Amino acid sequence: MSNNLLETPIEYLKGVGPSRGQLLRKELGIHKYGDLINFFPNRYIDRTRYYKINELQNTGSEVQLIGKIINIKTVEFAKNKKRLVATFVDETGALDLNWFQGHKWVRESLKLNEPCVIFGKCSLYGSQFSMAHPEIELLSEHEKSLRSAMQPVYPSTETLTNRGISNRTINKLMEQLFIETQALFTETFPSYLIEELKLISKKAALFNIHFPKSTEALSKAQFRLKFEELFFIQLQLITKNLIRKHKIKGHPFTKVGELFNDFYQNHLPFQLTNAQKRVIKEIRSDMGSNAQMNRLLQGDVGSGKTIVAFMSMLLAIDNGFQACLMAPTEILANQHFIGLSELAQTLGINIKILTGSTKTAARKIIHEELENGSLHILIGTHALLEDKVKFQNLGLSVIDEQHRFGVEQRSKLWKKNDIPPHVLVMTATPIPRTLAMSLYGDLDISVIDELPPGRKPIQTVHRFDSNRLKVWKFLRDEIALGRQIYIVYPLIQESEKMDYKDLMDGYESISRDFPLPQYSISILHGKMKPADKDSEMKRFSEGKTNIMVATTVIEVGVNVPNASVMIIESAERFGLSQLHQLRGRVGRGAEQSYCILMTSHKLSADSKTRMETMVSTNDGFEIAEVDLKLRGPGDLMGTQQSGVLNLQIADIVRDRDILSLGRNYALKILKEDPALQKPEHAVLKAVFIELTKKKNIWNYIS
Ligand code: ADP
Ligand code: MG
């Protein structure tokens with residue numbers, strides 16, 4: 001067993017020492033032997049071939065040459081800027097090697113007139129090839145070293161390169177590590193699993209990932225390690241879910257009471273779709289059990305999630321509990337409040353709203369009513385999370401548009417009571433199922449996969465800015481028919497000032513083209529005071545204005561059924577999921593709706609794909625798939641969650657099949673042996689315990 005050995009601090013490895021040790025810790029997070037062994041290459045280069053200088057081509061690819069250095073000098077190439085130049089020769093010619101940093105260290109390490117192997121990218125200046133910051137190794141060492149056909153390339157940083165820790169250094173340290181540990185790595189899978197999946201051993205996998213002898217060996221090693229990584233994440237997530245179901249008590253809502261039945265029989269504003277019915281059943285059965293519900297409700301924009309949330313809240317109230325609904329923006333909270341108040345009134349339910357702009361007096365009443373239990377439903381923003389907000393008995397928390405809230409906030413809502421409320425998280429961001437499972441593996445998932453009947457699919461077109469006159473003519477026609485229009489401008493934090501100018505310029509020119517008194521225009525952006533935003537939104541939703549010029553403030557959830565056209569300006573600057581969200585603002589009424597994507601003529605390949613995707617489909621899941629391919633999962637949620645999963649080797653997008661496989665095996669194993677008590681699962685249990693000790697699973701999910 002080398003488990004203990006793998007705990008050894010990295011500076012003890014021969015060739016590391018205190019100063020390199022500190023660098024490895026700081027730059028690469030490598031603290032121990034075990035971290036280094038799990039530090040995987042991000043690509044491989046074929047180093048079986050040696051080039052001659054007269055064979056070099058200007059392709060920018062990395063090449064390897066044998067020769068010697070015959071001369072070293074320092075050259076000033078700009079004021080106070082020096083580079084170190086070494087002349088490298090073989091029997092066919094000469095090549096300049098350049099260093100722009102780390103002169104002292106490089107100079108000391110270079111040996112003149114000794115056969116060496118250099119490796120790096122060649123570039124052509126005039127007729128002369130040169131190579132910047134090459135890797136150099138004496139030929140004698142090169143021949144001695146653990147040679148492999150595929151040369152691994154490890155992730156690096158500028159600081160590391162400058163301080164002389166090259167890829168070659170890492171490679172050597174890795175060799176040393178294998179020597180010191182004698183590669184006695186503990187197997188982490190039971191043998192039946194290894195046989196069933198035809199996996200290679202842990203030891204072989206680690207060896208071949210660092211020193212692959214062939215592409216076959218490499219791909220087997222990659223498969224084994226990716227599977228392992230994804231499998232153990234799933235094992236943790238699923239276990240967490242199972243434990244929650246067994247251990248975390250919830251309030252059992254045993255009654256389907258008067259309110260629910262009265263509403264269902266007498267006050268439903270429309271017939272529920274089958275998908276809505278199915279989802280309500282799932283929620284009811286969750287909340288009827290003794291365990292806390294933690295459910296993610298996915299449904300495309302306009303699929304009717306709100307009514308599902310409302311009916312779930314009725315179940316809570318029927319059982320003597322309070323409910324709350326938290327929305328990411330004030331506009332959305334208001335809209336929910338207005339919509340749900342109407343329904344609540346018919347049932348005699350007390351419902352209130354709490355946001356940042358709620359006045360002190362109103363706040364006081366809310367606090368009181370919450371604590372004495374007379375307030376049934378509280379709608380709001382983050383303000384709901386304040387410590388002063390205390391429910392008498394919160395039974396259900398609904399969180400709308402979940403991606404705006406972090407996991408932390410979710411758990412904060414739980415903590416308000418001894419027994420946590422049931423939690424229903426609603427999102428309109430269609431997440432492909434495989435990804436949803438790995439992101440929210442601890443949540444159960446319900447999907448509304450059907451739109452209410454009678455909706456006409458939104459027609460989407462892509463127009464260039466040069467066609468604006470025609471588009472404007474179309475808008476006048478629609479307005480003449482009594483419809484309303486959204487015109488949305490991008491607003492991205494980095495270029496906020498310029499975007500704001502674009503928006504204002506746009507607003508001015510639209511005001512000129514659609515002048516008063518014939519037309520009236522609303523404007524909505526993040527810099528406005530909440531009260532002004534509300535009143536502008538209100539004017540538009542009441543039909544008092546024809547056009548709403550806005551930034552993406554309106555992206556989430558705003559509902560104005562009479563709005564039938566969505567114009568998206570500079571559409572090339574939006575991501576797919578955002579475009580889809582925006583488009584979802586129209587198509588909510590009975591009329592045919594349109595989405596017009598305005599772009600300049602200059603479009604990148606990705607932008608073109610995005611426009612084409614939007615034009616060709618209304619299906620959020622299909623769009624999400626394309627989005628995932630274009631952007632990778634890190635960006636999928638349209639938030640800053642770069643690297644949603646901190647994976648060492650697997651890639652959620654590319655390795656989705658392996659992910660499913662891992663999940664299925666994890667499910668199967670836990671179903672048969674939930675506590676991993678069977679002798680053959682002892683190895684799994686050991687890793688599992690190790691992982692839970694080391695990292696909370698939330699570390700995977702930022
Ligand atoms: P989202 O899922 O995007 O939050 P909403 O709950 O806001 O969607 O519903 C969108 C619109 O569809 C609302 O105007 C709502 O009243 C209406 N709606 C919801 N369910 C149905 C249904 N089953 N039949 C007809 N209209 C519905
Ligand atoms: Mg909604």
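These figures come from a predicted structure and were not determined experimentally. Order of listing sets the numbers, starting from 1, for every ligand and every atom in it.
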For the pair Lys388 and Glu386, find out whether any cationic side-chain nitrogen is under 4.0 Å from an anionic carboxylate oxygen. no
Can you name the atoms of ligand 1, numbered from 1 with element, that are less than 4.0 Å from a heavy atom of Thr273? 23 (N)
Are Arg483 and Tyr594 in a cation-pi contact, defined as NZ or CZ under 6.0 Å from the six-membered ring centre and within 45° of the axis? no
Ring-face cation of Arg476 near Phe514 (centre distance under 6.0 Å, axis angle within 45°): yes
Say whether Gly299 and ligand 1 are in contact under the criterion: heavy-atom distance to a ligand atom below 4.0 Å. no
Please state whether Ser303 comes within less than 4.0 angstrom of ligand 1, counting heavy atoms only. yes
Those atoms of ligand 1 less than 4.0 Å from some heavy atom in Arg588: 3 (O), 7 (O), 10 (C)
Quick note on ligand 1: atoms under 4.0 Å from a heavy atom of Thr306 include exactly 4 (O), 5 (P), 6 (O), 7 (O)
Check the pair Tyr486 / Phe540 against ring pair (Phe, Tyr, Trp, His ring centres under 6.0 Å), numbers first and verdict last. CA-CA 10 Å; Tyr486 290 107; Phe540 186 67; 5.2 Å; yes
Heavy atom of Arg455 under 4.0 Å from ligand 1? yes
Quick check: does Leu272 get an N/O under 3.5 Å from an N/O on ligand 1? no
Exam field: side chain His422 to backbone His251, donor-acceptor pair closer than 3.5 Å: yes
Quick one: which ligand 1 atoms are inside 4.0 Å of a heavy atom on Gln271? 22 (C), 23 (N), 24 (N)
Does a donor on one side chain sit under 3.5 Å from an acceptor on the other, for Arg539 and Thr545? no
